[in-house]
K.L.:
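There's a structure below that I have some questions on.
What you see is a predicted model; the values in this text were computed from it and never measured. In what follows, chains carry the letters A, B, and so on, assigned in the order in which the sequence lines appear, proteins first and then strands, with residues in each chain numbered from 1.
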There are 2 protein chains.
Amino acid sequence: MRVTNGAVSASRRAGSPGEGGAVTAGQTGRRRADAVRNQAAILTATRGTLSANPDATMAQIAHAAGVGRVTLYGHFSNRAELIDAALADVLHRGNGVLEQLDLDGDPREALGRLVVSSWKLVDESRSLLAAAQRELPEGRIRDLHGDLEGRVRRLLERGQQEGLFRADLPVDWLLATMHALMHGAANEIAAGRLEPDDAGPMLRATLLGAYAPPGDA
Amino acid sequence: MRVTNGAVSASRRAGSPGEGGAVTAGQTGRRRADAVRNQAAILTATRGTLSANPDATMAQIAHAAGVGRVTLYGHFSNRAELIDAALADVLHRGNGVLEQLDLDGDPREALGRLVVSSWKLVDESRSLLAAAQRELPEGRIRDLHGDLEGRVRRLLERGQQEGLFRADLPVDWLLATMHALMHGAANEIAAGRLEPDDAGPMLRATLLGAYAPPGDA
DNA sequence: ACTAACTCATACATTCCTGTTCGAGTAAAG
DNA sequence: CTTTACTCGAACAGGAATGTATGAGTTAGT
């Protein structure tokens, strides 16, 4: 209910769905404190609820946020708009994490740091992403993802140039490998076959192995 | 009369299409040829349609099978039952592939053969599996999967014992890695970033790297 | 050719979700 | 303490999907 996190959550995303007659559309009048609080709670609940079940109902999300269904529609006039906002929120947060991370130095060590400190975010967003995939227009997801992906891609490219990551496979594939393994880890945890604390190290070890130039230490 | 003779519901576990099998629990009446044909068409259509869209409607599946919706219900009385049968079909087929495969000799080469010749099946079943995950009861999926998984697991264990696969990570995780990467490859293909023909070799290369004992060729 | 097995379109009852409207109540900002 | 911003439940219209029923037509076995 009072999941008050300090997230700013660039609220009104007038993306593709119509400008929405949500609570304070456009009008930058005074914004009441509880409204801000509720909006943050809704985004958090969206993340959490959809992670457990990508088909969760608007009613379920509202309930999880400790808010009436009508209030939810007051903040986000669409299911699409809600998911868009939630995804943007998670991605923005992830970008923040990466910004504070030192990706210089030995690419292998940088990769290790990156994986260990960010895989949990991927975990959280994985089902959200699944939901987004069938609710949001074509390019939207990639747009939102762009920033985050660029950072990782640059690290991988640097590693290849320095001969520390294998260059016989395209960067796109290395990126996909990373995504896939993180999602796989999340699945294993959900299935109870993997301890959450073990996930980071295992991912690091597996990825470093997968990225190592063939026939070499 | 109609096909809904009341006993049809519980008896739809026939493996691959073309495999005769009993129609009714008690009375094996004569089974007409077009009925067998249609049932096979339905299973195929289920696989194909759900692969494109895990939320596909019964109506869509029926249409894709070139069959009326009512006819579909004549063969499978539930959505769950249909998906169960389709998944069993795919898995049975996969088992057939693995049976004909030589998994002896150098585990690394065996793994390569396994991946290249079976990843496509995983591709086909991935969305089917997603559909099954929210439509089928808890243990059912794992039950159906059991046989298939056992084969791979044995190969991995042997590789570990022979010192050719890393033993610092549990077999469960190596298995999960394989799954995750295959799904990832399927995604990349769906997104147009990977050529279907490249997937097999890339998977092979990546997995061999990931499985190699740390600090070694 | 006869009959049982099967198919199909139409139509109906049910259930569930979405998005909107209403009016009355409550919390916050000045 | 007054105004404004927001919240809430209940209720409604709409759409969409599931599963069932009916009856007339078609296909295939013997």
K.L.:
Between D/dA17 atom C1' and B/I83 atom CD1, what is the distance in whole Å?
P.N.:
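That distance rounds to 14 Å.
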K.L.:
Can you tell me how far C1' of C/dC17 sits from OH of A/Y73, to the nearest Å?
P.N.:
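Taking OH of A/Y73 and C1' of C/dC17, I get 8 Å after rounding.
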K.L.:
Give a yes/no on whether any side-chain N or O of A/N38 is located under 4.0 angstrom from OP1 or OP2 of D/dC6.
P.N.:
no
K.L.:
Under 3.5 Å for both pairing distances: what stems, at least three Watson-Crick or G-U pairs long, include DNA chain D?
P.N.:
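Stem list for DNA chain D: C:1-16 with D:15-30, C:18-29 with D:2-13.
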K.L.:
Over how many whole Å does the gap from A/L72 atom CG to C/dC17 atom P extend?
P.N.:
15 Å
K.L.:
Just how far, in rounded Å, is P of D/dA5 from CD of A/Q39?
P.N.:
16 Å
K.L.:
Counting the atoms with a prime plus P, OP1 and OP2 as sugar-phosphate, which does A/R79 contact under 4.0 Å by heavy atoms, base, sugar-phosphate, or nothing?
P.N.:
sugar-phosphate
K.L.:
Take the protein atom NE2 of B/H75 and the nucleotide atom P of D/dT20, then report the distance between them rounded to whole Å.
P.N.:
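From B/H75 NE2 to D/dT20 P: 16 Å.
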K.L.:
Can you pull every protein N or O that's under 3.5 Å from an N or O on nucleotides 13-16 of chain C?
P.N.:
none

K.L.:
To the nearest angstrom, how far is B/R69 atom CZ from D/dA21 atom P?
P.N.:
14 Å
K.L.:
Tell me, for nucleotides 25-30 of chain C in 5' to 3' order, what letter each nucleotide earns: B for a base near a protein heavy atom under 4.0 Å, S for only sugar-phosphate near one, - for neither?
P.N.:
--BSS-
K.L.:
Roughly, in whole Å, what's the span from CG in B/L82 to P in D/dG19?
P.N.:
10 Å
K.L.:
Report the distance from atom CD1 of B/I61 to atom P of D/dT18, rounded to the nearest whole Å.
P.N.:
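So the two atoms are 8 Å apart, to the nearest Å.
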K.L.:
With side chain to side chain contact (heavy atoms under 4.5 Å, CB included) as the test, pick out the partner of A/L72 among A/Q39, A/H63, A/M58, A/R79.
P.N.:
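For A/L72, the side chain to side chain contact (heavy atoms under 4.5 Å, CB included) check succeeds only for A/M58.
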K.L.:
Please tell me if A/N78 has a side-chain N or O lying less than 4.0 Å from either OP1 or OP2 of C/dG19.
P.N.:
yes
K.L.:
When you measure from the side chain of B/V70, which nucleotide among D/dC8, D/dA21, D/dT7 comes out closest?
P.N.:
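Of all the options, the side chain of B/V70 is nearest to D/dA21.
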